[in-house]
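Each residue takes its place number in the sequence, starting with 1.
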Amino acid sequence: MSGRDLLQQAALIAHAERRGLTGAWVSEVNGADAVTQAASAVAVTTTMRVGTAIIPIQTRDPLLAAMTAQSLSDLSGGRFVLGLGTSTSVIVEDWHGRPWGKPLAGTREYVSLVRQLLAGERVTAEGAFPMRRSSLARRSQGAIPIYLGALNDGMLRLAAEIADGVILNFVSTRQVKRAVDLIRTTRMEHHLDAPFEVAVFFRATVTDDIAPVLPRYQQEMLTYLMSPVYQKFFGADGWSDLCESTARRWTTGERESALANIPATFIQERALVGSASAIKVQLPAYAEAGMNTAFILPVPPPGADHFTGSIAIVDALAD
């Protein structure tokens with residue numbers, strides 16, 4: 001869910017549960033906050049998992065995150081998953097005015113503190129998230145899963161070591177396989193054999209004509225292709241030339257050319273854009289690469305009403 005009209009979002013979530021989808025995951029950028037969205041999802045469902053994908057660790061202290069996770073887990077009867085990540089420096093530093101910090105070390109410390117608090121411990125910490133004698137009013141009734149959004153090898157290894165699952169974004173099947181291999185190796189090294197979930201976050205548009213949809217995806221992908229972190233990430237997957245040419249054209253003022261230069265093949269390797277039958281072939285390929293769960297964000301075609309268009313995408317993929 002993308003944090004749009006909350007009443008329509010709740011109706012869409014309830015519809016998706018009736019159609020057999022098994023989870024509702026909410027993001028947080030600058031629309032509706034993730035906690036309100038998650039509470040709304042819990043209220044209109046009875047069997048779906050509800051998770052955050054993701055809440056930035058820099059914008060909520062560990063005690064508040066633990067309070068939120070415990071409250072939503074209680075409210076949902078144990079169906080809540082706390083998905084955490086480091087967001088971006090623009091969102092954290094420019095929008096929230098908070099320090100970016102050290103993502104790996106900060107995430108390790110944050111998850112440790114949240115787990116201690118949920119276990120009923122009284123916590124004192126002096127690191128990136130200082131606190132003194134902090135605790136929850138009571139210990140959580142059951143273990144609350146924590147998932148991490150991960151991109152690079154360091155965060156993938158950390159997720160494998162300290163989390164219950166990982167959320168991947170804009171990945172090809174090749175990148176899923178590589179990530180899964182790294183996760184398995186890391187967990188073997190740490191002698192971890194508990195279940196671990198690999199989720200992939202997809203944008204999805206069901207259409208027989210991708211041409212009208214392509215500019216929307218090109219516009220979104222441009223922001224990622226201009227990011228040094230994602231340039232390294234996409235480059236390792238064989239798209240270095242695209243990263244370089246896009247950045248060069250954009251910075252020299254050839255902006256329309258930079259957008260048009262992003263090919264449909266690049267987008268379709270990491271998003272679900274095409275007919276329902278094509279998408280239903282694509283998803284098993286991701287499962288074969290090691291994906292356990294697909295997170296699907298409905299993206300209606302241009303001109304379509306967002307709510308009815310999203311309902312149509314859910315129906316097409318649920319059938």
With distance as the sole test, does Arg19 use its side chain to make a donor-acceptor pair with the main-chain N or O of Ala316 at under 3.5 Å? no
So, Glu189 and Thr185: side-chain donor and acceptor under 3.5 Å apart, yes or no? no
Consider only side-chain N and O atoms of Arg79 and Thr45, and report whether a donor and an acceptor are under 3.5 Å apart. yes
Give a yes or no on this: more than 12 heavy atoms of other residues, nucleotides or ligands lie within 6.0 Å of atom CZ of Arg138. yes
For Arg249, look at atom CZ and say whether over 12 heavy atoms of other residues, nucleotides or ligands are found less than 6.0 Å away. yes
When you measure from the side chain of Ser245 to the backbone N and O of Asp241, does any donor-acceptor pair fall under 3.5 Å? yes
Do other residues, nucleotides or ligands put more than 12 heavy atoms under 6.0 Å from the CD atom of Glu288? no
Side-chain touch Leu151/Asn169, heavy atoms, less than 4.5 angstrom: no
So that I can tick it off, tell me whether Lys280 and Asp319 are bridged by a salt bridge, with the cut-off set at under 4.0 angstrom between side-chain N and carboxylate O. no
When you measure from the side chain of Gln282 to the backbone N and O of Ala271, does any donor-acceptor pair fall under 3.5 Å? yes
Are Arg18 and Asp315 ion-paired here, with the side-chain N under 4.0 Å from a carboxylate O? no
Do you know the tightest heavy-atom contact between Ala34 and Thr52? CB-CG2, 4.2 Å
Can you find a pair of side-chain heavy atoms, one from Arg187 and one from Asp193, that are under 4.5 Å apart? no
Measuring only between side-chain heavy atoms, which start at C-beta, is Thr205 closer than 4.5 Å to Tyr217? yes
Side chain to side chain, Phe295 and Thr293, heavy atoms closer than 4.5 Å: yes
For atom CZ of Arg139, decide whether the heavy atoms of other residues, nucleotides or ligands shown that lie under 6.0 angstrom number more than 12. no
Is any side-chain heavy atom of Pro301 less than 4.5 Å from a side-chain heavy atom of Asp209? no
I'd like to know if the side chain of Tyr286 reaches the main chain of Val171, judged simply by a donor and an acceptor atom lying under 3.5 Å from each other, with no hydrogens or angles considered. yes
For a quick check under 3.5 Å, do Ser40 and Gln9 share a side-chain donor-acceptor pair by atom type? no
Is a side-chain N or O of Glu161 found less than 3.5 angstrom from the main chain of Arg108, in a donor-acceptor match? no
Check Pro302 against Val213 and note the closest heavy-atom contact, atom names and distance. CD-CG2, 4.0 Å
Under 3.5 Å, is there a donor-acceptor pair between the side chain of Gln219 and the main chain of Pro215? no
For Ser310 versus Leu12, what's the shortest heavy-atom pair and its separation? CB-CD2, 3.8 Å
For Leu225 and Gln231, work out which heavy atoms get closest and say how close. O-NE2, 2.9 Å
NZ or CZ of Arg203 within 45° of Phe170 ring axis and under 6.0 Å: yes
Gln58 and Ser87: side-chain donor and acceptor closer than 3.5 Å? no
Is the ring pair Phe233/Tyr230 parallel, tilted or perpendicular, if the boundaries are 30 and 60 degrees? perpendicular
So for atom CZ, which belongs to Arg49, do other residues, nucleotides or ligands contribute more than 12 heavy atoms lying within a distance under 6.0 Å? yes
Minimum-distance pair of heavy atoms, taken over all atoms of Thr107 and Ile162: O-CD1, 4.2 Å
Quick one: does any side-chain atom of Gln268 pair with a main-chain N or O of Val273 as donor and acceptor, under 3.5 Å? yes
Does some side-chain heavy atom of Phe196 sit less than 4.5 Å from a side-chain heavy atom of Val166? yes
Is there a side-chain contact between Glu269 and Asp237 (heavy atoms, below 4.5 Å)? yes
Could you check whether any side-chain heavy atom of Asp5 comes within less than 4.5 Å of a side-chain heavy atom of His306, counting everything from C-beta outward? no
Does Asn292 reach the main-chain N or O of Val198 with its side chain, forming a donor-acceptor pair under 3.5 Å? yes
So which atom in Leu63 and which in Ser135 form the shortest heavy-atom distance, rounded to 0.1 Å? CD1-O, 3.9 Å
